[in-house]
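What follows is a short report on a single structure.
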Amino acid sequence: ERSGEDWRAAFAEGARTRVLLVTSRFTTVLQHVTRDLQRAFDAVGCETLLLIERRDCQWTPMFEVRQKLLTFRPDLVFTIDHLRPEWGEAYPPQLPYACWVQDWLPNLFDPATVRKLGPRDLSFMMWEGVARECLEAGYPQAKLLLAGADAFLYKLPPLPRPEAVGVAMVANVSQPGGLLKYPGLVDAAERVLRAEGIGYGESAFYRALLARLEGSLGMRVEDPDRPQVLRYLSFDVERYVERTEPLRWALAMGLDLRLYGKGWEGSPEFSPYARGPVAPGEALRDCYASAKIHLHMNKYTNVHPRVLEGILSGGFVLPWARPSDTRPGGLGEVLRIGREIDTYADRADFEAKIRFYLGNEDARLAMMEAGRARILRDHLMTNRAREVLAVARACIIPPP
């Protein structure tokens with residue numbers, strides 16, 4: 001137990017706040033985001049400790065968690081996509097616990113878990129849509145904490161830089177398989193989404209799509225199966241269509257295409273362009289700088305680590321425009337669209353923007369440099385670490 005004065009001292013301006021960051025080897029992206037943020041907390045004057053499994057075949061037992069709490073005595077626990085009640089009684093309620101929500105996961109919306117959130121459960125959301133849903137689910141508070149870039153890893157490579165060539169994308173892909181119980185349903189859904197556009201995960205859109213497909217295919221999805229089928233269409237199938245449709249446009253233009261990440265080698269359509277996974281850090285930084293244009297697709301938000309890291313690394317990133325771009329915390333608030341980053345709206349716009357930026361080196365580099373300067377000023381992981389500390393400080397030391 002600590003007194004109120006002890007807590008206030010831990011979060012006072014200039015204090016060396018102790019931050020325990022918890023992650024797992026089995027969440028590749030979130031593991032590296034957590035490590036990025038650890039470096040940021042260190043850079044702003046905190047003392048940090050990373051709790052992660054020592055080996056791939058190991059899990060962290062609860063007695064080790066308790067041991068770290070006793071020996072390190074953290075002032076703040078920070079994790080991604082996991083709420084305090086999921087750990088049982090491991091983390092005491094008086095210890096500030098920050099969760100950064102970066103994915104739509106069932107554990108984050110479990111009513112029994114959400115009901116247990118207390119005044120020192122600090123909830124941060126990467127984009128406005130998930131913040132809105134968390135508040136509707138009963139979260140006591142939900143504050144935007146946008147993606148940030150790690151300036152320690154993703155910075156311009158030393159000169160001379162290799163000449164950038166072609167069009168590339170960094171992303172993992174998983175081709176959706178068919179649902180054996182409902183043959184033809186997935187293929188039909190993919191054709192509709194490619195022809196008419198995706199539904200951005202909206203449940204009403206996919207309920208209507210499923211009803212339409214049932215009518216055209218002459219089948220009926222049984223009621224117990226409907227939630228799982230709808231999730232498969234709105235997540236797996238939609239994500240595959242979203243990530244691959246612009247690549248089809250690029251190939252139709254005859255572009256030099258390079259695909260980095262897992263899963264591309266298993267696709268007959270895209271395996272000729274697969275370059276394999278690329279490790280976060282220096283290798284990924286050099287990858288971003290190696291292509292003239294990097295494509296980006298994300299149905300939830302374009303304020304994504306890949307966008308910020310790519311620009312910071314000296315790459316030109318061209319995202320597919322999303323409705324979230326114009327909402328609070330969207331891309332338009334983070335970077336000035338048309339001056340610090342550009343987007344494309346549809347196939348015709350994609351083709352026009354690709355031709356323009358491949359043919360206008362000065363315009364491409366000028367926009368990349370403007371975006372890079374803005375990221376260095378406002379959107380580094382150190383910015384995000386300070387935001388987390390400010391929220392925690394206000395929780396411990398309420399403003400007068």
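Note that the numbering runs from 1 along the sequence shown for the chain.
By the 6.0 Å and 45° rule, Arg84 does not stack over the aromatic ring of Trp87.
Not a single side-chain hydrogen bond (donor to acceptor under 3.5 Å, both in side chains) links Arg25 to another residue, sequence neighbours left out. With sequence neighbours excluded, the residues that form a side-chain hydrogen bond (donor to acceptor under 3.5 Å, both in side chains) with Lys181 are Glu222, Asp225.
Leu83 has its side chain within reach of Tyr139: a pair of non-hydrogen atoms, C-beta onward, lies under 4.5 Å apart. At least one side-chain heavy atom of Leu247 sits under 4.5 Å from a side-chain heavy atom of Trp264. The shortest side-chain heavy-atom distance between Leu233 and Phe205 does not fall under the 4.5 Å cut-off. Counting heavy atoms from C-beta outward, Ser123 and Gln141 have side chains that approach closer than 4.5 Å.
Glu242 and Arg194 are not joined by a salt bridge, as no carboxylate oxygen comes within less than 4.0 angstrom of a charged side-chain nitrogen. The residues Asp256 and Arg258 are annotated as salt-bridged, a charged nitrogen and a carboxylate oxygen being separated by less than 4.0 angstrom.
Rounding to the nearest 0.5 Å places CG of Leu318 at 6.5 Å from CG of Leu295. The distance from the CH2 atom of Trp7 to the CZ atom of Arg2 is 4.0 Å, given to the nearest 0.5 Å. Note that CZ of Arg393 is 11.0 Å distant from CG of Leu76, once rounded to the nearest 0.5 Å. Taken to the nearest 0.5 Å, the CZ atom of Phe11 stands 8.5 Å off from the CD1 atom of Ile397.
In this structure, Trp127 has its ring center closer than 6.0 angstrom to the ring center of Tyr300. Aromatic ring centres of Trp104 and Phe235: separated by at least 6.0 Å.
Other residues, nucleotides and ligands place no more than 12 heavy atoms under 6.0 Å from the CZ atom of Arg73. Dense packing is recorded around CZ of Arg347, with more than 12 heavy atoms of other residues, nucleotides or ligands lying under 6.0 Å away. Applying the 6.0 Å contact sphere to CD of Glu282 captures no more than 12 heavy atoms from other residues, nucleotides or ligands. Within a 6.0 Å radius of NZ in Lys353, more than 12 heavy atoms belonging to other residues, nucleotides or ligands are found. Within a 6.0 Å radius of CD in Gln228, other residues, nucleotides and ligands contribute 12 heavy atoms or fewer. Annotation for Arg226: atom CZ counts as buried by contact number, over 12 foreign heavy atoms lying within 6.0 Å.
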With side-chain hydrogen bond (donor to acceptor under 3.5 Å, both in side chains) as the criterion, how do Thr17 and Glu47 come out once you've worked through the C-alpha distance, each side chain's angles and the decisive distance to 0.1 Å?
CA-CA 6 Å; Thr17 307; Glu47 183 179 351; over 6 Å; no
Please lay out, stage by stage, how Phe350 and Trp249 fare under the test ring-ring contact (aromatic ring centres under 6.0 Å, His included).
CA-CA 8 Å; Phe350 173 88; Trp249 304 342; 5.5 Å; yes
Quick one: do Arg212 and Glu196 satisfy salt bridge (Lys or Arg N to Asp or Glu O under 4.0 Å)? Show the steps, please.
CA-CA 13 Å; Arg212 175 179 166 187; Glu196 302 178 13; 2.6 Å; yes
For Arg285 and Glu309, what are the C-alpha separation, side-chain angles and deciding distance, and is it a salt bridge (Lys or Arg N to Asp or Glu O under 4.0 Å)?
CA-CA 8 Å; Arg285 179 206 68 188; Glu309 293 165 358; over 6 Å; no
What verdict does the ring-ring contact (aromatic ring centres under 6.0 Å, His included) test give for Phe316 and His294, after you've listed the backbone C-alpha separation in whole Å, the side-chain angles of each residue and the deciding distance to 0.1 Å?
CA-CA 6 Å; Phe316 181 90; His294 270 273; over 10 Å; no
Show, in sequence, the C-alpha distance, side-chain angles and deciding distance for Glu340 and Arg374, and conclude whether the salt bridge (Lys or Arg N to Asp or Glu O under 4.0 Å) test is met.
CA-CA 8 Å; Glu340 295 170 337; Arg374 178 72 179 278; 2.9 Å; yes
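Partner of Phe356 under the side-chain contact (heavy atoms from CB on, under 4.5 Å) criterion, chosen from Leu358, Asn360, Ile354: Asn360. Of the candidates Leu230, Asp236, Val229, Tyr232 forms a side-chain contact (heavy atoms from CB on, under 4.5 Å) with just one, namely Asp236. Between Leu51 and the options Thr79, Val77, Leu21, Val22, a side-chain contact (heavy atoms from CB on, under 4.5 Å) holds for only Val22.
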